[in-house]
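What follows is a short report on a single structure.
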Amino acid sequence: MIEFSLDPHVNKTGDIWHICIEDFPRSNVLYGYRMDGPKDWDKGHRFDSNNVLIDPYAKLVEGRRNFGDSNHKLSKFLGTYDFDSLPFDWGDNYTLPNLPERDLVIYEMNVRAFTADESSCLDSNLRGSYAGLIEKIPHLQELGINAVELLPVFEFDEFEFQRRPNPRDHMINTWGYSTINFFAPMSRYASGGGGAVSASWEFKEMVKALHGSGIEVILDVVYNHTNEADDKHPYTTSFRGIDNKVYYMVDLNNEGQLLNFTGCGNTLNCNHPVVMELILDSLRHWVVEYHIDGFRFDLAGVLCRGTDGSPLNAPPLIRAIAKDAILSRCKIIAEPWDCGGLYIVGSFPNWDRWAEWNGKYRDDLRRFIKGDPGMKGAFATRIAGSADLYKINKRKPYHSVNFVIAHDGFALHDLVSYNFKHNEANGEGGNDGSNDNFSWNCGFEGETDDADIKALRFQQMKNFHLALMISQISIRLTVNKRPGGVPDLSPSTPRLSGTPMMLMGDEYGHTRYGNNNSYGHDTAINNFQWQQLDARKSDHFRFFSEVINYRRMHQVFRHENFLSKGDVTWHEDNWENPDSKFLAFTLHDNSGGDIYLAFNAHDFFVKVSVPPPPPKRRWFRVVDTNLPSPDDFVCEGVPGIGRTYNVAPYSSILLDAKQ
């Protein structure tokens, strides 16, 4: 080890420290900084020269080599570099997918959990790695998705919960929402314990392979807090020891304590000029170096707060990301809330660029499908594009990322199997995870062998998936404003299609056994179960993949231009009745290929009048979720649809007008 002292008269220009070191090896060097400064805690300082700190701009970070290696539980993390390797070869024929946002079907997934289980049948050195994901790209293609949203892949410490005795010291952080460095790919996702340099190389190979398969790569990024925790139990690795007062929000009126709008002990000071520059440089690095196609910003409400924590109407960072030239081709998606009470779904500062996770869509769909009263109008608004939230300025309906399920919360199977969360394994006494799940167990709490309950659960999962994949017509619904109960559809309000997102594992019915906050389990609770996929290939997976591909094949779900009032007909005269849980409508296609959809959330059959098909067309049944596989989805359609259709309880149908 060599240590150099920096002279402020030689190694400092303005606020920037710098040093040039000659005749060093071009690789296999670890480096860090010691920092000293004022000890005034009440002024926000946390300097401690005993700590060796990671360079915030380190492009690679080394720590333990193998994920979850308990023999190196307390390993240190330091920056490293590689100037020996040749530039990565992206290939002469390599191109970016550059998919329009309206065409995306997003698959939220965890790199490690996708292949970590033995059932992946991969070599043990490949399981849980970037290279392992490459091996399973054919599954993604068969499912029909065209974008992956990767849970955090920036360097993090999976053993952070085990650094001291606490109720969570049995947990291993598998989600990764605890960033150590914003430039370095997670080194323990390299195959075979290859380390930071190999991780960087394999990450690029993964992106190249996904792009070659027509799949875009979106990263879930955590710029709202870091791994360095709170003042009671700090885990100082970088920012806290370099300049706590700049990198984090502190309350100088309360003895310099850290502000906590994230639930994780600290809050990154995102709109401070230095931190804003760091975040922008990080994003550009991932786009230029790794060819990333977009970003989903975790707890993006924090990015809308000023240095004192107060909400900003025009946050400089949000504007800078929207206007940045290098980021201009990227999808940018906000999780438009934080843990400090800032909830800005539909009102996120956007500059007509930012999309949002639509939390209201999730909640309203869950409540309608499970049969809550008074939800039909809200359900219609959500599947019609949430114009009540996004019809402003030049925003588009695809700025609503529609989802029923995400990584935090119930898996789809658990949404229809549990009324209550079961988070006992987390060690937090059931205090973690949301209590507002809007779930229904279909008559029994948890796993059961009852064939009728299992059939109803599968039926409900199909209902949710169909609703998600057809949500696209984005028309503001104003109920009972004209005689006869016909909704008033202003011709200026229709918009383009929304963007659906599903969760890894829902295509076969993955269960977390009621755990709705499974961030700390490196087990089958989170890991993709490939043997279960094989068992459900012919029914569950088949239905999910067929519906996705049906959406992608039909232009009626992906309009290029603004819809007119005549593009949809609502077959409804009972909008104001809270006990009405049935909704039917027809999407009209210029070529005559109309689509009729009906959703029945009642516990009884509804005999509905089917509207006449367009001239020289007949109705063909494509979907009836009440039917067993393979009759629940028939791509070419089943003829013989009469003037009425008896829609079963808790089911949905899709009819296609064909010649």
Side-chain angles (χ1 to χ4, degrees), residues 27 59-60 82-109 111 114-115 120 122-123 125-126 128-150 153-154 183-187 189-192 194-221 282-296 324-333 398 499-501 504 545 548-549 551-553 555 558 560:
S27 60
K59 303 305 185 292
L60 301 170
D82 174 30
F83 297 119
D84 280 327
S85 298
L86 295 173
F88 182 79
D89 182 10
W90 291 93
D92 294 336
N93 298 319
Y94 168 81
T95 58
L96 297 167
N98 283 329
L99 301 176
E101 286 181 84
R102 66 176 179 275
D103 290 343
L104 293 184
V105 179
I106 300 174
Y107 184 79
E108 191 190 27
M109 65 180 299
V111 169
F114 193 47
T115 63
S120 67
L122 297 180
D123 183 88
N125 285 326
L126 287 180
S129 69
Y130 302 121
L133 190 153
I134 295 173
E135 296 295 315
K136 295 297 185 178
I137 289 176
H139 168 72
L140 303 177
Q141 293 176 298
E142 186 180 2
L143 179 59
I145 60 91
N146 55 16
V148 292
E149 184 173 301
L150 304 181
V153 292
F154 296 1
F183 293 84
M186 176 59 171
S187 60
Y189 287 173
S191 61
V197 175
S198 293
S200 175
W201 195 268
E202 282 186 22
F203 191 101
K204 293 172 184 175
E205 291 281 9
M206 178 190 70
V207 173
K208 180 180 177 180
L210 286 165
H211 283 175
S213 302
I215 299 172
E216 292 199 336
V217 181
I218 299 169
L219 301 186
D220 192 337
V221 291
S282 165
L283 293 169
R284 295 171 188 137
H285 173 71
W286 288 98
V287 172
V288 173
E289 186 72 15
Y290 294 99
H291 295 198
I292 294 304
D293 302 291
F295 303 92
R296 177 266 187 188
D324 190 85
I326 292 175
L327 305 179
S328 61
R329 72 167 182 83
C330 294
K331 284 77 177 175
I332 48 177
I333 305 168
Y398 52 73
T499 301
M501 182 189 78
M504 177 187 88
S545 63
I548 291 171
N549 283 291
R551 171 190 171 89
R552 294 181 61 184
M553 287 189 301
Q555 188 64 33
R558 299 178 293 106
E560 289 283 349

Heavy atoms only: give me the nearest Leu126-Ala131 pair and the separation to one decimal. CD2-CB, 3.7 Å
pair Glu216-Leu210: side-chain heavy atoms closer than 4.5 Å: no
For Ala209, is there any backbone N or O sitting under 3.5 Å from a side-chain donor or acceptor partner on Ser213? yes
Quick check: do Pro185 and Val153 have side-chain heavy atoms less than 4.5 Å from each other? no
Given side chains that start at C-beta, do those of Met504 and Glu108 come closer than 4.5 Å, heavy atoms only? no
Pairwise side-chain contact, Leu150 with Met206, heavy-atom cut-off 4.5 Å (strictly under): yes
Name the residue from Asp103, Ile145, Asn146 that meets the side chain to side chain contact (heavy atoms under 4.5 Å, CB included) definition with Arg552. Asn146
Would you call Ser200 and Lys59 a side-chain contact if the rule is heavy atoms closer than 4.5 Å? no
Applying side-chain contact (heavy atoms from CB on, under 4.5 Å), run through Met501 and Glu149 and close with a yes or a no. CA-CA 9 Å; Met501 182 189 78; Glu149 184 173 301; 3.9 Å; yes
Take Phe295 and Val287 through the test side-chain contact (heavy atoms from CB on, under 4.5 Å) and record every step on the way to the result. CA-CA 10 Å; Phe295 303 92; Val287 172; 3.7 Å; yes
Shortest non-hydrogen separation from Arg551 to Arg102 and the atoms involved: NH2-O, 4.1 Å
Are a donor atom and an acceptor atom from the side chains of His285 and Tyr290 found within less than 3.5 Å of each other? no
Nearest non-hydrogen partners of Val197 and Ser85, listed with the distance: CG1-OG, 4.4 Å
When rounded to the nearest 0.5 angstrom, what is the spacing between OG in Ser545 and CD in Gln141? 13.0 Å
Does a donor on one side chain sit under 3.5 Å from an acceptor on the other, for Thr115 and Glu135? no
For a 4.5 angstrom cut-off between non-hydrogen side-chain atoms, does Leu327 reach Ile332? no
Can you find a pair of side-chain heavy atoms, one from Glu202 and one from Ser191, that are under 4.5 Å apart? yes
Apply salt bridge (charged side-chain N to carboxylate O under 4.0 Å, His left out) to Asp84 and list each qualifying residue two or more places apart in sequence or on a separate chain. Arg26
Could you measure the distance from the OH atom of Tyr107 to the CD1 atom of Ile218? Nearest 0.5 Å is fine. 14.5 Å
Minimum heavy-atom distance Arg284-Asp324, with the two atoms named: NH2-OD1, 2.7 Å
Measure the spacing between CZ of Phe114 and CG of Leu133 and express it to the nearest 0.5 Å. 5.5 Å
What closest approach, in Å, do Lys331 and Asn98 show between heavy atoms, and which atom pair accounts for it? NZ-C, 4.5 Å
As an exercise, state the distance from CD1 of Ile292 to CG of Leu219, rounded to the nearest 0.5 Å. 4.0 Å
Heavy atoms only: give me the nearest Ser129-Ala190 pair and the separation to one decimal. CB-C, 4.0 Å
Give me the one residue out of Phe154, Phe88, Tyr189, Trp286 that meets ring-ring contact (aromatic ring centres under 6.0 Å, His included) with Phe203. Trp286
Residue pairs fulfilling salt bridge (Lys or Arg N to Asp or Glu O under 4.0 Å) with at least one residue in residues 287-296, sequence neighbours excluded: Lys204-Glu289, Asp220-Arg296, Asp293-Arg329, Arg296-Asp298, Arg296-Glu335
Once rounded to the nearest 0.5 Å, what's the spacing between atom CD1 of Ile215 and atom CG of Leu99? 9.5 Å
Main-chain N/O of Met186 paired with Tyr130 side-chain donor or acceptor, under 3.5 Å: yes
Between atom CG of Leu96 and atom OH of Tyr94, what is the distance when rounded to the nearest 0.5 Å? 4.5 Å
Check: Ser27 and Phe83 side chains under 4.5 Å, non-hydrogen atoms: no
